[in-house]
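Okay, so here's the structure we're looking at.
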There are 2 protein chains.
Amino acid sequence: MALRDAILVSLSDGAMSGYDLAKHFDQTVSFFWRATHSQIYRELAKLKDKGQVSAEEIPQRGKPNRIVYSITEAGRNAVLAWSRQPCVQDRVKDDFLVRLYGLEHMDLDALREHLVQRLDGHRDRLAEFTAIANATEPNTIAALGRRRGLEIGLRYEREWAEWCEETLDALSPENLADLNCVLPFTPTTKEEVA
Amino acid sequence: MALRDAILVSLSDGAMSGYDLAKHFDQTVSFFWRATHSQIYRELAKLKDKGQVSAEEIPQRGKPNRIVYSITEAGRNAVLAWSRQPCVQDRVKDDFLVRLYGLEHMDLDALREHLVQRLDGHRDRLAEFTAIANATEPNTIAALGRRRGLEIGLRYEREWAEWCEETLDALSPENLADLNCVLPFTPTTKEEVA
DNA sequence: GCGTTCATGTAACCTGTTACATGATTCT
DNA sequence: AGAATCATGTAACAGGTTACATGAACGC
């Protein structure tokens, strides 16, 4: 249950509203963490009950009042305690790789289309991360941590993008036609008909 | 909801019991897909209701009867239809990167320990995948898909292992001591005291 | 004797997603 | 005129985890 701690970490650098937190997650840690506003509001209520954050309502006109949350001493202690807890690493879970695994039962044209879309996505994020990486940052411990996070993000996207390109090539009709010639029996896909 | 389809794909290559499926997931697709037996039994019941699998009970002595599930024609159609659906890619979600992001609020010794453990995990899996990759496979479409899946698994683990090594180095006390000399103010961690 | 494997399932719980609900202001 | 942004929240549902429950056989 690291959403709680992700919120506390974010509040460690300054007070924020639930709305701000949602944006913050989206703009800064989205490579490795995401949360919807409904999750965040639910979690903030729990954190307030536990006394790890405190809330202050700021009146506004025309829109609902902002409720700005600050981390408390108890919250800071919780963060430190959490950093000593074992990590629960969420392993890769990939829809597309399941399809690849059962390749012979799939619609190959559709899979190629999916691959193209994924490649685009990885390239977009690679460009995004590269832009962030090029902005110079101060030489602090905080910045060091963020640089390391960005670094694995960059490599991850680069690796996947490359893999998508190679896989598109491997699944090209020409390549599969070659394969079919070698095969004793041909699978039932559109390609064999063409 | 791809668990349903992951099951159908697995059953496409032969009938299996819920127990077998759990083992199968664990042994063959665990890099990109996992499921517990309780999930699998729940899903198999739903698939049977929909007529996408059929069940046959095989009497056994001493242990509960095996219930072996086979994919039906309706199930095969469902798989093909699924392969045309857009992929819902589960994005990276990483506990440890959240900690790195809030590095200055963490217990650095604990983080280094976590890194060492993760490095071990990545190396283990890298070795595991390498062993599988070295086993020669026939030149079929099915094998091509699996090779591509294995390939990204290998690269993923290699990249992460390398990153862990580099990050351990970046977070070493010596390296951080250098950093502290440059800093105008020092963070409140054990290191500054030492 | 003790842990593991085989083999099924249920129930409670936690987390995350999607949709619903409201309503003024600002940008295109 | 219509969409997006600001800003809060609730409710229903889907998916995944953990623990409970049972019990024989087999290897160490």
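Atoms considered below: every heavy atom in the structure, side chains included; atoms not considered: hydrogens, waters and symmetry mates. Below, read A as the first sequence line, B as the second, and so on, with proteins coming before strands; counting in each chain starts at 1. Here the structure is a predicted model, which means the values were calculated and not measured.
Nearer to the 5' terminus of DNA chain C, by closest-nucleotide assignment, is the contact made by W33(A) (compared with the other of W33(A) and P64(A)). A residue-by-residue look at S17(B) and K93(B) shows that S17(B) has its nearest nucleotide of DNA chain C further toward the 5' end.
Between the side chains of D169(A) and S172(A), not a single donor N or O lies within less than 3.5 Å of an accepting N or O.
In this view, Y41(A) and Y19(A), H37(A) satisfy the side-chain contact (heavy atoms from CB on, under 4.5 Å) rule, not counting sequence neighbours. Taking D13(B) as the reference, R146(B) meet the salt bridge (charged side-chain N to carboxylate O under 4.0 Å, His left out) condition, with sequence neighbours excluded. S38(A) is linked by a side-chain contact (heavy atoms from CB on, under 4.5 Å) to T36(A), counting only residues two or more places apart in sequence or in another chain. For E165(B), the side-chain hydrogen bond (donor to acceptor under 3.5 Å, both in side chains) partners two or more places apart in sequence, or in a different chain, are R123(B). A search for side-chain contact (heavy atoms from CB on, under 4.5 Å) contacts involving R158(A) returns L126(A), L154(A), R155(A), not counting sequence neighbours. Among residues two or more places apart in sequence or in another chain, the side-chain hydrogen bond (donor to acceptor under 3.5 Å, both in side chains) test is passed with R148(A) by E166(B), T167(B).
Nucleotides of DNA chain D with any atom under 4.0 Å from a heavy atom of chain B span, from 5' to 3', dG15(D) to dA24(D).
For D26(B) and dC6(C), the CG to C1' distance is 15 Å, given to the nearest whole Å. Rounded to whole angstrom, the span from the CG atom of D90(B) across to the C1' atom of dT17(C) amounts to 12 Å.
For residues 36-54 of chain A, proximity to DNA chain D is found at H37(A), S38(A), Y41(A), defined as any non-hydrogen atom under 4.0 angstrom from a strand atom.
A salt bridge links R112(A) to D109(A): one of the charged nitrogens lies within less than 4.0 Å of a carboxylate oxygen.
For the helix from dG1(C)-dC28(D) to dT28(C)-dA1(D), the terminal axes (five pairs an end, C1' atoms, rotation from four pairs onto the next four) enclose an angle of 50°, given to 10 degrees.
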Practice task
Report the C-alpha distance between R66(B) and D20(B) in whole Å, list the side-chain angles of each, state the deciding distance to 0.1 Å, and finish with yes or no for salt bridge (Lys or Arg N to Asp or Glu O under 4.0 Å).
Solution key: CA-CA 10 Å; R66(B) 272 170 68 81; D20(B) 294 335; 2.8 Å; yes
Please list, for nucleotides 24-28 of chain C, all pairs of protein and nucleotide N/O atoms separated by less than 3.5 Å.
| unit_1 | atom_1 | unit_2 | atom_2 | d |
| --- | --- | --- | --- | --- |
| dA24(C) | O4' | G62(A) | O | 2.9 |

Please tabulate, one pair per line, all N/O donor-acceptor pairs under 3.5 Å involving side-chain atoms of residues 47-63 of chain B, not counting sequence neighbours.
| unit_1 | atom_1 | unit_2 | atom_2 | d |
| --- | --- | --- | --- | --- |
| E57(B) | OE2 | N65(B) | ND2 | 3.1 |
| Q60(B) | NE2 | P64(B) | O | 3.2 |

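Of the possible polar contacts, none joining the S30(A) side chain to the Q27(A) backbone as a donor-acceptor pair under 3.5 Å is found.
Applying the side-chain hydrogen bond (donor to acceptor under 3.5 Å, both in side chains) rule to pairs touching residues 68-81 of chain A yields nothing, sequence neighbours excluded.
In this structure, CD in E162(A) is found 9.0 Å from CD1 in I152(B), a value given to the nearest 0.5 Å.
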